[in-house]
Protein chains: 2
Amino acid sequence: MSNQTNSEYQKAIDYLYQMASDGQLIVGSKIPSERELAQKTGISRNSTREAISILRGIGIVESRHGSGNYVSKDPGSSISMMIKAMLALKSTSKAEIIQVRKVISYSVCELIMDRGLTKEEVADFQSILDGMITASKEEFAEYDRSFHRKLMLLTDNTLFRTLMEPIGEAYLELIPEVIGHTDADSRKALVDIHALLISGLVDHDREKCKAYFEKHYGFVEDGLEL
Amino acid sequence: MSNQTNSEYQKAIDYLYQMASDGQLIVGSKIPSERELAQKTGISRNSTREAISILRGIGIVESRHGSGNYVSKDPGSSISMMIKAMLALKSTSKAEIIQVRKVISYSVCELIMDRGLTKEEVADFQSILDGMITASKEEFAEYDRSFHRKLMLLTDNTLFRTLMEPIGEAYLELIPEVIGHTDADSRKALVDIHALLISGLVDHDREKCKAYFEKHYGFVEDGLEL
DNA sequence: AGGACCAAGTGGTACTACCAGTTGTTTTTC
DNA sequence: GAAAAACAACTGGTAGTACCACTTGGTCCT
């Protein structure tokens with residue numbers, strides 16, 4: 001994991017990564033104080049603070065004035081910030097985000113299809129769909145989000161969720177643009193499309209699921225005029 | 001875009017974001033020097049450097065010693081860093097890494113299957129497979145890696161590559177453990193399995209590709225005793 | 001016990017000084 | 001006059017010190 005950059009601050013980062021891989025740093029735990037870290041790594045406190053600033057930028061460290069620096073509980077959240085920055089700088093990324101989300105969502109469904117859905121899970125999804133029917137444009141996006149979040153939770157693979165979550169966030173920002181192009185009828189159609197997926201999962205029907213994805217993201221791509 | 005945090009360094013970040021939204025900062029352009037920035041925003045050079053460290057952590061600024069700080073051309077590269085850090089911190093299980101890699105790899109193949117492979121691409125893959133046949137245990141892992149890297153390069157979706165790269169790295173660290181359980185015969189079988197995938201991509205044959213993934217990762221899971 | 005207080009430790013900011021690269025200009029050299 | 005060497009004026013990188021602002025845990029007093 002060690003980086004060979006010549007920078008001094010890298011020593012502090014390497015030192016912390018080493019602690020992490022030794023299991024001495026778990027999520028939420030306090031990292032050594034800046035002065036101690038500086039002394040241990042043989043660099044100045046300035047450079048130590050620089051290292052910590054970078055880690056804070058990356059989102060894996062949080063600082064509490066007067067208390068200490070801590071390993072962030074939610075490092076995933078700042079990945080979405082980063083993807084946002086990417087979006088701001090590279091105008092072609094919309095299509096990429098949609099594509100990634102589509103393809104990964106589908107793969108997750110493949111995983112879920114093997115085990116099917118419990119009655120409780122079906123009921124949960126149904127209540128989301130029920131909410132969609134009467135939802136306003138603004139609410140609709142939120143339902144769509146919780147639908148997909150729930151879907152992701154079915155995998156019990158935390159790495160998946162961590163990777164997928166920020167993409168979902170970035171995707172969510174595109175939703176208003178999509179929904180803006182819809183009327184009540186097309187939103188009704190969207191609800192049916194979502195129902196199709198649930199049905200496909202219950203029946204272990206790969207084709208149904210595939211149809212869902214084609215329709216759903218066809219909708220999205222039209223809305224974004226891609 | 002302005003943040004209401006009380007920190008001093010935030011002034012520098014806000015100042016730069018303001019410049020960006022005014023169109024004065026385009027990709028690759030040089031941002032004001034640290035001393036100038038400090039003077040303009042009324043904060044110390046220390047705090048200015050802290051701001052720039054964070055921006056460098058986020059990946060939207062690159063620093064060149066003796067030259068200046070520049071708006072990054074490739075903000076995506078640091079997403080990889082971030083995911084790597086996450087993998088180190090969250091003691092992700094082997095099974096999760098394998099599963100994510102499998103699913104994303106498969107997703108990419110779905111994308112590629114639509115367009116198939118050019119003759120040149122097939123030849124490139126074939127040369128990797130040829131290398132595998134005579135490879136030692138140690139070399140085999142490296143071939144496997146370049147195989148999958150090449151696969152990833154076929155999707156011109158940079159977001160995909162960005163997400164996949166660190167997972168590939170994590171996966172790579174597991175490879176020696178897998179290969180350690182193999183003999184020459186089973187490695188020969190692995191080469192055949194890889195050839196199956198290429199054949200599937202050429203023929204647009206989804207089932208062949210699927211068979212590849214089942215066999216390949218079945219192999220891996222056995223090797224890791226999952 | 002309860003509350004007020006205090007002291008030690010922590011991150012936050014500033015200033016200064018110097019090192020180490022880069023870059024464009026000037027001077028030297030042929 | 002053109003190429004090469006030297007220089008000067010930038011740039012970011014590192015270090016050290018001092019002090020401020022805040023948190024925390026303990027002590028002392030009531």
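Order of the sequence lines fixes the chain letters, A, B, ..., with proteins taken first and strands second; residue numbering starts at 1 for each chain.
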Please compare Ser67(A) and Asn46(A) by the position of their nearest nucleotide in DNA chain C and report the one closer to 5'.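 That would be Ser67(A).
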Tell me the interatomic distance from [X], atom [atom1], to [N], atom [atom2], rounded to whole angstroms.
| X | N | atom1 | atom2 | result |
| --- | --- | --- | --- | --- |
| Glu8(B) | dC20(D) | CD | C1' | 12 Å |
| Glu34(A) | dG9(C) | CD | C1' | 12 Å |
| Arg35(B) | dC19(C) | CZ | P | 14 Å |
| Leu37(A) | dG12(C) | CG | C1' | 17 Å |
| Glu62(A) | dT23(D) | CD | P | 15 Å |
| Asn69(A) | dT23(D) | CG | C1' | 13 Å |
| Lys30(A) | dG9(C) | NZ | P | 12 Å |
| Glu50(B) | dG13(D) | CD | P | 14 Å |

NZ/NE/NH1/NH2 to OD/OE distance under 4.0 Å, Arg115(A) and Glu121(A):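 Looking at Glu121(A) together with Arg115(A), the answer is yes, because their closest N to O distance falls below 4.0 Å.
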Would you mind telling me which residue lines up with the more 5' stretch of DNA chain D, Arg45(A) or Arg45(B), judged by nearest nucleotide?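 The residue mapped nearer the 5' terminus is Arg45(B).
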Across the strands shown, which category fits Ile52(B) at heavy-atom distances under 4.0 angstrom: base, sugar-phosphate, nothing?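 Nothing, no heavy atom under 4.0 Å.
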Looking across every strand, which nucleic acid part, if any, lies under 4.0 Å from Arg49(A) by heavy atom: base, sugar-phosphate, or nothing?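 Contact class for Arg49(A): base.
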Have Glu110(A) and Tyr106(A) got a donor and an acceptor in their side chains that come within less than 3.5 Å?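 Yes.
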Between His216(B) and Tyr212(B), what is the ring plane arrangement, given parallel below 30°, perpendicular above 60°, and tilted in between?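 Plane angle between 30° and 60°, so tilted.
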Under 4.0 Å from OP1 or OP2 of dA15(D): is there any side-chain N or O of Ser44(A) that close?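 Looking at the OP1 and OP2 atoms of dA15(D), one of them is under 4.0 Å from a side-chain N or O of Ser44(A).
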Side-chain N or O of Ser63(A) less than 4.0 angstrom from OP1 or OP2 on dG11(C)?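 So the side chain of Ser63(A) is outside the cut-off, no N or O lying under 4.0 Å from OP1 or OP2 of dG11(C).
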Please tell me which of the listed nucleotides, dG21(C), dT13(C), dT14(D), lies nearest to the side chain of His65(B)?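 Side chain of His65(B) sits closest to dG21(C).
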Counting distance only, does the side-chain N/O of Thr155(B) pair as donor-acceptor with the main-chain N or O of Met152(B) below 3.5 Å?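 Yes, Thr155(B) side chain to Met152(B) backbone: donor-acceptor pair under 3.5 Å.
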I'd like to know whether Val61(A) forms a side-chain contact (heavy atoms from CB on, under 4.5 Å) with Ser72(A), so could you lay out the CA-CA distance, the side-chain angles of the two residues, the decisive distance to 0.1 Å, and finally the verdict. CA-CA 5 Å; Val61(A) 161; Ser72(A) 173; 5.9 Å; no
